[in-house]
There are 2 protein chains.
Amino acid sequence: MSHVAILASGKREQTKVANRRAILDAAREVFSELGYEVATVRDIIRRTGLASGTFYNYFRSRDEVFEALADDGAARFRPILRACWEASNSFDGYLRAAIQAYFDFIADEHETWQTNRPAGERHPQMAVQTPEMERVFEEVRDAFSKAIEHGGAPRVDADYLAAACIAVARQVGDKMLERRPINTVEATDFATKLILGGLPALPRLAPRPEKPHG
Amino acid sequence: MSHVAILASGKREQTKVANRRAILDAAREVFSELGYEVATVRDIIRRTGLASGTFYNYFRSRDEVFEALADDGAARFRPILRACWEASNSFDGYLRAAIQAYFDFIADEHETWQTNRPAGERHPQMAVQTPEMERVFEEVRDAFSKAIEHGGAPRVDADYLAAACIAVARQVGDKMLERRPINTVEATDFATKLILGGLPALPRLAPRPEKPHG
DNA sequence: AGAGGAAGGTGACGCTCTGTCACGCTTTGG
DNA sequence: CCAAAGCGTGACAGAGCGTCACCTTCCTCT
């Protein structure tokens with residue numbers, strides 16, 4: 001029996017991964033069913049069959065599991081974002097692809113999570129700021145910076161621009177999820193045109209000193 | 001002594017208002033000093049000198065005080081937003097005024113709140129969704145709808161547009177607060193130009209059936 | 001293979017916070 | 001000035017939290 005022992009060689013390692021996974025899965029279920037505010041560490045750990053003390057070998061608190069779930073979401077999305085960058089050859093193309101990918105992503109998550117959740121309970125996905133989300137932000141900003149360097153976009157404040165894009169994607173995304181039927185194409189069209197249309201109108205930064213003229 | 005007794009006639013009414021105010025103030029201080037996650041109902045009520053049970057005559061939980069604080073912020077901002085609407089005579093003017101007002105508002109709140117708060121602790125101001133914030137959203141959306149009706153703006157999806165504007169304002173606002181010196185004008189310029197520039201590029205809705213031609 | 005040690009699962013325990021409630025003081029209306 | 005209602009009070013029971021001494025299971029070294 002050697003075919004499973006690729007990454008988790010020892011039994012110790014295996015159970016550690018399995019337990020972490022089990023806790024995360026249980027947490028997702030419990031948050032879905034009871035709502036985040038009400039769910040307790042005990043509710044989560046009970047569902048896994050593990051002892052209460054074990055929980056604290058993996059997470060420091062209920063909040064930390066929540067954050068880990070959110071981080072998971074961002075971590076899953078980041079490679080998609082990366083792929084958008086690599087597949088596109090223009091700034092416009094990248095932006096549209098990235099936004100479309102994001103809306104598809106959250107629409108998919110939304111379906112998966114559809115349970116009998118109390119009222120407007122927040123999803124872990126995008127509610128808090130996690131390290132992985134910070135990286136998503138940085139990736140977007142860097143993509144913009146590179147586009148600016150290459151002349152694919154005007155020389156604007158990439159930091160503000162990234163913040164604005166992510167903000168628009170998030171909020172319009174949320175609104176999109178509230179509508180029936182969920183129309184990711186319509187939302188993408190809206191967000192993309194807003195940003196790409198606004199881009200040329202943005203205030204320019206002073207051009208960075210370059211070699212004089214050639 | 002009749003000059004104070006305008007709204008709070010009886011002594012009962014007076015203490016009720018005073019207690020609520022005291023709890024809110026104490027809560028703001030405690031959240032600032034200890035951080036939201038750590039603060040307890042007891043911490044808050046202790047600072048007021050009231051008994052623990054009294055707290056529950058005013059709020060159901062720590063979360064509800066937090067929400068009330070956030071609601072307060074939105075409630076203070078809404079009249080400002082209203083004034084922007086009434087003072088401006090073009091869509092562009094309204095948008096710029098509203099965004100500038102918002103950035104000034106949060107910059108001011110930011111100063112007021114500056115205490116030795118642990119790390120990236122969230123401010124109540126704009127962190128959660130409260131009824132008053134919902135109203136702010138509706139006010140913005142309605143302003144957009146009216147502008148569209150009057151031909152001051154193209155016939156676009158006002159709901160998405162409002163969501164996008166608020167999103168941009170929030171996120172760019174947050175970024176703005178992280179920079180030194182805080183430059184509300186720069187941020188306003190950025191956000192305003194992004195939105196106003198993007199507006200003409202947005203997908204149009206089918207025009208609503210009007211009287212045929214004049 | 002077997003022994004010794006390390007890693008980590010276990011659950012009872014003590015502690016803190018929560019939310020309630022019976023009590024009594026204060027205000028109000030008559 | 002009295003009766004009734006309103007409301008502040010703080011002790012209390014219950015719940016959840018995080019810890020820790022113990023014990024089982026796995027790993028390593030000979």
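In what follows, every chain begins at residue 1, and chains take the letters A, B, ... in the order their sequences are listed.
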For B:F59, answer base if it contacts any base atom (sugar-phosphate contacts may also be present), sugar-phosphate if it contacts only those atoms, and nothing otherwise; contact means non-hydrogen atoms under 4.0 Å.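 Here B:F59 touches no strand at all.
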Sequence neighbours excluded, which residues qualify as salt bridge (charged side-chain N to carboxylate O under 4.0 Å, His left out) partners of [X]?
X      : result
B:D142 : none
A:E178 : A:K175
B:R82  : B:E139

Got a donor-acceptor contact below 3.5 angstrom from the B:R180 side chain to the B:L177 backbone? yes
Where the side chain of B:R62 meets the backbone of B:E37, is there a donor-acceptor pair that is under 3.5 Å apart? yes
Of all nucleotides in DNA chain C with an atom under 4.0 Å from a non-hydrogen atom of chain A, which is the first and which the last going 5' to 3'?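 Result: C:dA6 to C:dA12.
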Set of residues satisfying side-chain contact (heavy atoms from CB on, under 4.5 Å) with respect to B:T15, sequence neighbours excluded: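 None.
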Assess, by modelled atom type and distance only, whether the side chains of B:D43 and B:T40 contain a donor and an acceptor separated by less than 3.5 Å. yes
Can you run down the salt bridge (Lys or Arg N to Asp or Glu O under 4.0 Å) pairs that involve residues 90-101 of chain A, sequence neighbours left out, and say none if there aren't any? A:R96-A:D189
Salt bridge (Lys or Arg N to Asp or Glu O under 4.0 Å) partners of residues 47-61 of chain B, not counting sequence neighbours, each pair once: B:E29-B:R47, B:E33-B:R47, B:R60-B:E64
Mind checking whether A:Y36 and A:F66 have parallel, tilted or perpendicular rings, split at 30° and 60°? tilted
Ion pair B:D157/A:R179, N-O distance below 4.0 Å: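 Yes, B:D157 and A:R179 are salt-bridged.
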Do NZ/NE/NH1/NH2 and the carboxylate oxygens of B:E132 and B:R135 come within less than 4.0 Å?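 Salt bridge between B:E132 and B:R135, a charged N being under 4.0 Å from a carboxylate O: yes.
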Counting primed atoms plus P, OP1 and OP2 as sugar-phosphate and everything else as base, spell out the protein contacts along nucleotides 23-30 of chain D at 4.0 Å heavy-atom distance: B, S or - for each nucleotide, 5' to 3'. --BBS---
Scoring nucleotides 10-21 of chain D by protein non-hydrogen atoms under 4.0 Å (B base, S sugar-phosphate only, - none) yields BB----SBBB--
Taking every heavy atom of B:V156 against every heavy atom of B:I148, the minimum-distance pair comes out as O-CD1, 3.5 Å
Which ones in residues 20-27 of chain A lie close to DNA chain D, meaning a heavy atom under 4.0 Å from one of its atoms? none
Test log, rule salt bridge (Lys or Arg N to Asp or Glu O under 4.0 Å), inputs B:R21 and B:D72: CA-CA 11 Å; B:R21 193 68 260 156; B:D72 244 35; 3.7 Å; yes
With each end axis built from five pairs of C1' atoms, what bend angle do you get for the helix from C:dA1-D:dT30 to C:dG30-D:dC1? Round to 10°.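 Helix axis angle between the two ends: 20°.
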Applying ring-ring contact (aromatic ring centres under 6.0 Å, His included) to B:F190 and not counting sequence neighbours gives A:Y160
